[in-house]
Amino acid sequence: MKHFERFLVDLDSGASGAVSRVALGLCIPPLFRALSGGADRIWIDLALFLALLIGLRVGPAVLRKALPFSAEAKQIWLDRRQIAKKYDCYQWQKLFWVGLGLLPYAAVSGGLRTGEWLLTAICLMGGGAGLLIWRKINAAPPAPQLKAQVLAKTSAG
């Protein structure tokens, strides 16, 4: 696997996955404020967040089809998608880190707006629950080992 592919694979797992999601959370308030024209409407923030989540799903799918990635990288991503289809908590846990990225705005830059507070609460509570459930299911091994451990558990149970 090439270095760039390894970077992309690692970007979605472990500590680097958490850091990238915290960084995403840090970008949400200024981006959403710019896109909404400064309006403080809960439904606007929820709609923008839903669009962001859809973009995070569709964007990588398009890139996987358009760019020539190695069979190993494609297999790792396929394994992760299969796990995500089977376990909702695998996806929900990712929101926890986004919520942590939103938190600094509660203390700086005028604080969070109403919709941003709602997104932060959803991300931290839903993501925290997903994180706890996923750790119980999988005992948090490194990402490349996820398939073997989870599939072994599902085959046995």
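Sequence positions, counted from 1, serve as the residue numbers for this chain.
- In plain terms, the two heavy atoms of Ile83 and Trp134 that are nearest each other are CG2-CH2, 3.3 Å.
- Residues Cys123 and Leu95 approach most closely at CB-O, 3.2 Å, considering heavy atoms.
- For Arg80 (side chain) and Val9 (main-chain N/O), a donor-acceptor pair under 3.5 Å exists by modelled atom type.
- Listed here is the closest heavy atom pair of Gly25 and Pro29: O-CD, 3.2 Å.
- Put simply, the side chain of Ile133 does not reach to within 4.5 Å of the side chain of Tyr87, judged on heavy atoms.
- Leu53 and Ile42 fall within the same hydrophobic cluster, defined by Ile, Leu, Val, Met, Phe, Trp and Tyr side-chain heavy atoms under 4.5 Å apart, directly or through other members.
- Atoms CZ and CG, from Phe4 and Leu67 in turn, are 7.5 Å apart once rounded to the nearest 0.5 Å.
- Nearest heavy-atom pair across Gly130 and Trp92 is CA-CB, 4.1 Å.
- Using a 4.5 Å cut-off between side-chain heavy atoms of Ile, Leu, Val, Met, Phe, Trp and Tyr, with links allowed through other members, Leu103 and Leu131 fall into the same hydrophobic cluster.
- Between Lys94 and Leu56, the closest side-chain pair of non-hydrogen atoms is not below 4.5 Å.
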Verify side-chain contact (heavy atoms from CB on, under 4.5 Å) between Asp45 and Leu118, making sure each step is shown before the conclusion.
CA-CA 9 Å; Asp45 285 335; Leu118 179 62; over 6 Å; no

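- With hydrogens and angles disregarded, a donor-acceptor distance shorter than 3.5 Å links the side chain of Ser16 to the backbone of Asp10.
- Residue Leu26 comes nearest to Pro104 through the heavy atom pair CD2-CG, 3.8 Å, listed as atom of the first residue, atom of the second, then distance.
- The CZ atom of Arg41 sits 13.5 Å away from the CG atom of Leu46 when rounded to the nearest 0.5 Å.
- Here the straight-line distance linking atom CZ of Arg81 with atom CZ of Arg57 works out to 7.5 Å at 0.5 Å rounding.
- Going from atom CZ of Phe69 over to atom CD1 of Ile76 covers 12.0 Å, rounded to the nearest 0.5 Å.
- Ion pairing between Glu5 and Lys2 fails under the 4.0 Å rule for side-chain N and carboxylate O.
- Between Arg6 and Glu72 the shortest heavy-atom distance is NH2-OE2, 3.9 Å.
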Under the side-chain contact (heavy atoms from CB on, under 4.5 Å) rule, what do Tyr105 and Ile28 come out as? Steps first, then yes or no, please.
CA-CA 10 Å; Tyr105 285 91; Ile28 288 174; over 6 Å; no

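- Both Leu119 and Trp43 are assigned to one and the same hydrophobic cluster, defined by single-linkage of ILVMFWY side chains at heavy-atom distances under 4.5 Å.
- Cluster membership check: Leu24 does not share its hydrophobic cluster with Trp117, using side-chain heavy-atom separations under 4.5 Å among Ile, Leu, Val, Met, Phe, Trp and Tyr.
- Put simply, CG on Leu8 and CH2 on Trp77 are 5.0 Å apart, with the number rounded to the nearest 0.5 Å.
- The distance from atom CZ of Arg135 to atom CD of Gln93, rounded to the nearest 0.5 Å, is 7.5 Å.
- Remark: side-chain polar atoms of Thr120 are not paired, donor with acceptor, to backbone N or O of Leu102 under 3.5 angstrom.
- No donor-acceptor pair under 3.5 Å is formed between the side chain of Gln82 and the backbone N or O of Asp79.
- Side-chain heavy atoms closer than 4.5 Å link hydrophobic residues (I, L, V, M, F, W, Y) into clusters, and following such links, even through other members, never connects Leu112 to Leu48.
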